[in-house]
**Q** 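Following this message is one structure expressed as structure tokens.
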There are 2 protein chains.
Amino acid sequence: MKRRPTVIDVAKQAHVGASTVSRFLRGVKVRPQAAVRIAKAVESLGYHPDETARALRGGRSRTIGVLLPKVSNVFFSQSVQMMEEEARKSGCAVILLTHQDRMAQQTEHLTTLRRYRVDGVIITATPGTTSADIRAVLPEVPVVAFDNLFSPDFDSVVLRNRDAGRIATEHLIRHGYKSIACVTGKPEIYSFQERAAGYQEAMLKKGLKPNMITAANYEQLRFALAATIRSKTRPTAMLSLSDFATLTILSTFNELGLKSPSTLPLVGFDDFGFAPLVDPPLTVVRQPIESMVRYAMDTLFRRIDGESFEAAQTIMLAGELICRRSCGCL
Amino acid sequence: MKRRPTVIDVAKQAHVGASTVSRFLRGVKVRPQAAVRIAKAVESLGYHPDETARALRGGRSRTIGVLLPKVSNVFFSQSVQMMEEEARKSGCAVILLTHQDRMAQQTEHLTTLRRYRVDGVIITATPGTTSADIRAVLPEVPVVAFDNLFSPDFDSVVLRNRDAGRIATEHLIRHGYKSIACVTGKPEIYSFQERAAGYQEAMLKKGLKPNMITAANYEQLRFALAATIRSKTRPTAMLSLSDFATLTILSTFNELGLKSPSTLPLVGFDDFGFAPLVDPPLTVVRQPIESMVRYAMDTLFRRIDGESFEAAQTIMLAGELICRRSCGCL
DNA sequence: CTGTTAGCGCGTTCAA
DNA sequence: TTGAACGCGCTAACAG
């Protein structure tokens with residue numbers, strides 16, 4: 001049960017002062033002979049600097065907070081994977097927190113992030129969040145909004161959701177469908193609202209009547225869908241705003257014993273490995289996750305490193321329509 | 001740009017000593033009047049304790065490290081989601097790291113975890129890892145192996161992989177198939193090896209000849225599969241050891257213009273939302289992720305809290321075969 | 001270029 | 001019960 005070695009131990013063994021060790025470790029120039037002895041001592045003692053002490057002393061924890069609704073879906077799990085990699089390149093560790101779209105949990109997590117003194121935060125905020133909510137707890141910490149846009153006070157990186165919604169809708173219209181429904185759960189979520197707005201724009205521009213099918217949760221959405229499918233005014237095509245909505249649509253169809261390809265064309269959001277293998281192969285809007293994450297992390301680290309003093313900026317990236325069979329193509 | 005308030009600030013405003021504030025914050029009894037004044041001061045100053053200072057002082061960072069191969073698949077993303085929730089219940093934050101099955105990255109991450117002084121570690125180690133590799137860097141930190149079993153020195157939580165492999169294979173045999181291939185990428189991974197062992201047991205017990213189709217990466221696996229499918233000794237059914245292998249099988253079939261249901265029955269591992277909607281609906285072994293995570297985290301926290309001094313134990317949980325159509329059922 | 005010193009904010013002595 | 005004082009390990013400031 002021996003103590004972990006400290007700079008002092010290394011200093012003694014290398015016959016130098018503690019600050020010389022500190023300098024050496026951080027890449028500042030020291031006398032070559034000393035450098036060798038320090039390196040040797042570090043090795044033989046198995047010394048590793050203590051980040052908690054560094055953080056206390058320096059005010060920087062080399063830690064960034066990632067606060068998302070959840071990670072158990074394609075979009076967020078790929079995002080967090082990349083965030084971790086990008087953070088590592090900048091010498092930071094990721095503290096991962098999920099709020100499940102519950103405001104109370106998000107608030108709690110924000111104070112957690114404050115307590116841990118994270119150097120920066122990436123957040124996909126729950127609907128209704130204001131910049132004041134965040135600044136009350138994290139007054140001076142760089143924050144980048146990811147996949148949502150809840151305040152002009154923060155740098156934000158989002159999909160061109162409205163365009164994506166419009167493009168997907170226009171694609172269906174071009175296939176000749178006129179009665180197109182737009183379905184989503186959690187309609188209060190920013191990106192879904194934008195996608196829906198794009199859908200409505202596209203519909204109205206062609207003189208078609210928008211038809212939103214939404215529900216607070218997915219059980220209710222299932223009901224709403226079943227009702228719609230059975231009704232006589234049943235839509236001839238659907239735009240689904242999330243992978244989960246797509247899943248709900250398809251399984252509802254399945255339960256009713258209907259195959260969607262022949263019965264009802266569909267375009268969804270978010271691509272994933274099995275999308276081409278679903279029956280029918282899914283036409284989707286793919287989000288450029290890699291770019292989104294990279295922009296978000298770059299922006300964050302430029303703020304952290306104090307290289308950027310401009311006003312907050314919003315970066316919007318285009319989605320890509322990937323045509324497979326579910327929309328009626330092929 | 002005012003300083004963050006500290007215990008001292010709170011102490012002054014409440015007309016008490018700093019240690020009284022500290023006691024109050026940690027739930028130790030203090031004079032009732034003082035308690036009220038402290039609470040008021042905390043509120044009005046917007047005070048939040050600094051975890052980095054706590055960690056330095058107390059030697060506990062209230063942080064646990066989660067080191068996984070990746071998070072961008074169903075199994076790990078659901079796991080990490082639950083780990084985060086469980087950690088929160090115990091007042092800890094999760095530092096998430098991924099090693100992509102690269103030993104060098106894993107080693108680097110282990111030292112990262114040491115530097116951050118994490119209180120405990122959950123690890124899905126890359127193949128070839130030894131307990132010495134870990135203890136060299138983290139001599140005194142509780143470590144729980146998750147989804148792999150690389151050393152009896154650590155508490156471990158894993159699926160009954162061998163049983164699961166056997167059961168899945170027996171299921172196919174019961175359907176009357178005799179020439180069953182077992183396909184996986186990354187055959188060096190612990191859980192795949194176990195599942196393969198179960199497959200071989202089941203085959204040999206029935207006097208059938210095992211037929212492993214493996215490859216180091218998925219591009220090669222695709223080739224191997226294509227070759228197998230075209231050959232005259234083509235297997236009549238397949239057992240896939242991971243969702244990624246399943247994906248590879250199905251898309252290879254697709255490229256060759258074959259539909260698997262009629263052509264080749266299949267059982268896979270890991271259930272996911274779209275599994276019933278794939279063509280054909282996938283029969284899979286579902287891992288009890290919730291239980292696995294809960295056991296892992298419970299074990300870890302019992303070690304951290306010093307409630308457990310027994311030798312390391314291995315917890316193995318049964319998988320559940322979920323029959324859909326791809327195996328030939330229905 | 002170097003070593004000594006003084007905190008960073010907290011929890012834990014210890015004596016009152 | 002309380003408050004004063006020390007030190008966790010590190011780095012920035014300072015004087016050599």
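Lettering of chains follows the sequences in order, A, B, ..., and the numbering in each one begins at 1.
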**Q** Look at B/R23 and D/dT1 and indicate whether a side-chain polar atom (N or O) is within less than 4.0 Å of OP1 or OP2.
**A** no
**Q** Check whether any side-chain nitrogen or oxygen of B/T6 sits under 4.0 Å from OP1 or OP2 of C/dG9, and answer yes or no.
**A** no
**Q** Looking at C/dG9, does its base get a donor-acceptor pair with the side chain of A/R117 below 3.5 Å?
**A** no
**Q** Does the D/dA4 base have a donor-acceptor partner in the side chain of B/S19 within less than 3.5 Å?
**A** yes
**Q** Report yes if a side-chain nitrogen or oxygen of A/T20 is closer than 4.0 Å to either non-bridging phosphate oxygen (OP1 or OP2) of C/dG3; otherwise report no.
**A** yes
**Q** A quick test of your reading: do over 12 heavy atoms of other residues, nucleotides or ligands sit less than 6.0 Å from CD of B/E43?
**A** no
**Q** Would A/R88 and A/E84 pass as an ion pair if we require N to O under 4.0 Å?
**A** yes
**Q** Can a salt bridge be assigned to the pair A/E86 and A/R294 using a cut-off of 4.0 Å between side-chain N and carboxylate O?
**A** yes
**Q** Would you indicate, yes or no, if C/dC10 has its OP1 or OP2 atom less than 4.0 angstrom from a side-chain nitrogen or oxygen of B/Y47?
**A** yes
**Q** Strictly below 4.0 Å: does A/R54 bring a side-chain N or O up to OP1 or OP2 of D/dT11?
**A** yes
**Q** A/R57 CZ to D/dA13 C1': how many Å, rounded?
**A** 8 Å
**Q** Would you indicate whether B/Y295, at its atom OH, is surrounded by more than 12 heavy atoms from other residues, nucleotides or ligands within a distance under 6.0 Å?
**A** no
